[in-house]
There are 2 protein chains.
Amino acid sequence: MADALSLAALPGIPLVRAGDDLAAILADGLARLGAPPGPGDVLVVAQKVVSKAEGRMVALADVTPSAEAVALAERTGKDPRLVELILRESVRVVRARRGLLIVEHRRGFVMANAGIDQSNVAPPDGPPHALLLPEDPDASAAALRARLGLPVIVNDSFGRAWRRGTCGVALGAAGLPALLDLRGSPDLMGRRMEVSVVGFADEIAAAASLLMGQGAEGQPAVLVRGLQWTTSTTAATAPPQPAAALVRPAAEDLFR
Amino acid sequence: MADALSLAALPGIPLVRAGDDLAAILADGLARLGAPPGPGDVLVVAQKVVSKAEGRMVALADVTPSAEAVALAERTGKDPRLVELILRESVRVVRARRGLLIVEHRRGFVMANAGIDQSNVAPPDGPPHALLLPEDPDASAAALRARLGLPVIVNDSFGRAWRRGTCGVALGAAGLPALLDLRGSPDLMGRRMEVSVVGFADEIAAAASLLMGQGAEGQPAVLVRGLQWTTSTTAATAPPQPAAALVRPAAEDLFR
């Protein structure tokens, strides 16, 4: 277990647009930060800039809503074209009521609006756009990791069932274990530990969110330094595992 | 928005027992860390040591289970005396099945086993004990803050409805806003932000969990430095708010 961590927002990251070489932009930001990344470092990148670089922006004028989307838009008070995009990105509607549409995204995330964002997406006086999640956030993280040479998390902010306020979570991860399984480790008293599978990448994602702001600040990438991911039982490094492992399958779920 | 954070586990914190002066123990740990706390610093303290210092340990031999506890113990496969304690700490059972008992704690937390812990609680060869949550975690945080002179979060690890692995959350908070409300701030493009109430104390709690381990490591207190809690609209410091604000009331809840 590490006894200290540091987090630093990469300075000077410009607004990212479709087709930008995000890895090169992040490499420049890392270089501006000074000290080269080493063992225990993880780069956390906001979903929004990953989606933008991957061209996941859609002009609402190009979307023709289905009858189902129109009905659901009526029920929720949302734009039918936005609801159409939400339905295309989802495998099921979990809850719908006025002002709220919670779905299961096709990657398994249970989240509002399938993670589709309309803030920080386009100028307010231009035609309305929406920004979808990356097609495969684990693949996005893996591609950035391959270019940058350090573990990468793609994070987003999710609402929670029973708690107010959003919290950073890992949509994608590469080069680190998304879950740390400490089951079977003896605790301080020699008893076997009870609840001990930790959402490691989610905790890192939440920590990085503290430096990202929620839009106005423009700090979409944070380097976290000093992490350790050994299993307590073996002291060996736990193997990498994508963020898909953090998604509870519907069969295990009591609240869907 | 800050652009860097640091986290450090307080060194040399001994095993805490009922009646210990936890504030004095933490003050010693802060002193060992060197640099005195300043603005933007928050001390995160694990629920377990707060509960122990407050004498929230119960010997199971002293617990007589009710008929309801016996029935629920049968259904979940848990010790009837433990189930009795869980029911006493709760206002409703949310889900119960073999190996699992999710309740609404009387403080509103929807969580497994009412947060009652049996690991790191007593030596494995002694009589079994259970450790309850602090009676009022916000009051615990406020009392520590008054003694130590810096904002305090009492954290714990919660499971999540739709995600695997536990994640640190704030049970109690004093001296900082548990929620940061950024609604109405202009985003980078001048649009009004959509989802922008941030579970600030939960994100800090999750970050600190990265240094706490899950039992075997004995790092129950972490100093987080460099935080800022201004509202984007006013640039003024957001007012303190207890962690009770993070609890979604049952009336707002779609998943209870």
Side-chain angles (χ1 to χ4, degrees), chain A residues 1-9 95 110 112 118-124 157 159 161-169 179 182 185-191 193-199 202-204 206-207 209-211 213-219 227 232 245-248 253-255, chain B residues 1-9 15 95 110 112 118-124 157 159 161-168 179 182 185-191 193-199 202-204 206-207 209-211 213-219 227 232 245-248 253-255:
Chain A
M1 183 58 48
D3 60 11
L5 292 178
S6 67
L7 291 87
R95 294 286 189 282
V110 176
Q118 290 194 277
S119 63
N120 281 325
V121 159
S157 286
W162 303 302
R163 295 180 73 73
R164 286 174 160 167
T166 62
C167 193
V169 298
L179 287 166
L182 304 181
S185 323
D187 70 13
L188 282 171
M189 299 293 183
R191 278 181 64 103
M193 291 175 56
E194 292 170 348
V195 177
S196 36
V197 180
V198 179
D202 279 340
E203 292 192 333
I204 299 167
S209 285
L210 289 165
L211 290 181
Q214 291 295 308
E217 311 297 334
Q219 294 186 156
L227 294 161
S232 293
L246 287 160
V247 174
R248 188 183 295 286
D253 181 11
L254 302 175
F255 299 99
Chain B
M1 181 61 48
D3 59 10
L5 293 178
S6 68
L7 292 86
L15 283 180
R95 293 287 188 282
V110 176
Q118 290 194 278
S119 63
N120 281 325
V121 160
S157 286
W162 303 302
R163 295 181 69 76
R164 285 173 161 167
T166 60
C167 195
L179 287 166
L182 305 181
S185 322
D187 69 14
L188 282 171
M189 300 293 182
R191 278 181 64 101
M193 292 176 56
E194 293 171 348
V195 178
S196 36
V197 180
V198 179
D202 279 340
E203 292 192 333
I204 300 167
S209 284
L210 290 165
L211 290 180
Q214 290 295 309
E217 312 296 335
Q219 295 186 157
L227 293 161
S232 294
L246 287 160
V247 173
R248 189 183 295 286
D253 181 10
L254 302 175
F255 299 99

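Given the structure is predicted, the values throughout are model-derived calculations rather than measurements. Quick note on labels: first sequence line is chain A, next is B, and so on, each numbered from 1. Side chains are part of it too, since the values below use all heavy atoms of this structure and drop only hydrogens, waters and symmetry mates.
Distance check: A:Leu5 CG to B:Leu5 CG gives 10.0 Å after rounding to the nearest 0.5 Å. For the atom pair OG1 (A:Thr166) and CG (B:Leu179), the distance works out to 9.0 Å, reported to the nearest 0.5 Å.
Nearest heavy atom pair, residue B:Gln219 against residue A:Asp3, reads OE1-CB, 3.5 Å. Here the shortest heavy-atom pairing between A:Glu203 and B:Ser209 reads OE2-CB, 3.2 Å. In this structure, B:Trp162 and A:Phe255 approach most closely via the heavy-atom pair NE1-O, 3.4 Å.
Contact of B:Arg163 with chain A is made through backbone and side chain together, with heavy-atom distances under 4.5 Å.
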Take A:Val198 and B:Leu210, measure what side chain to side chain contact (heavy atoms under 4.5 Å, CB included) needs, and give me the verdict at the end. CA-CA 9 Å; A:Val198 179; B:Leu210 290 165; over 6 Å; no
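Options A:Ala245, A:Ser6, A:Ala2 differ in how many heavy-atom pairs under 4.5 Å they form with chain B, and the most are formed by A:Ala2. Options A:Leu227, A:Val247, A:Asp202 differ in how many heavy-atom pairs under 4.5 Å they form with chain B, and the most are formed by A:Asp202. Annotation: maximal heavy-atom pairing with chain A below 4.5 Å, among B:Ala161, B:Ala8, B:Ala207, occurs at B:Ala161.
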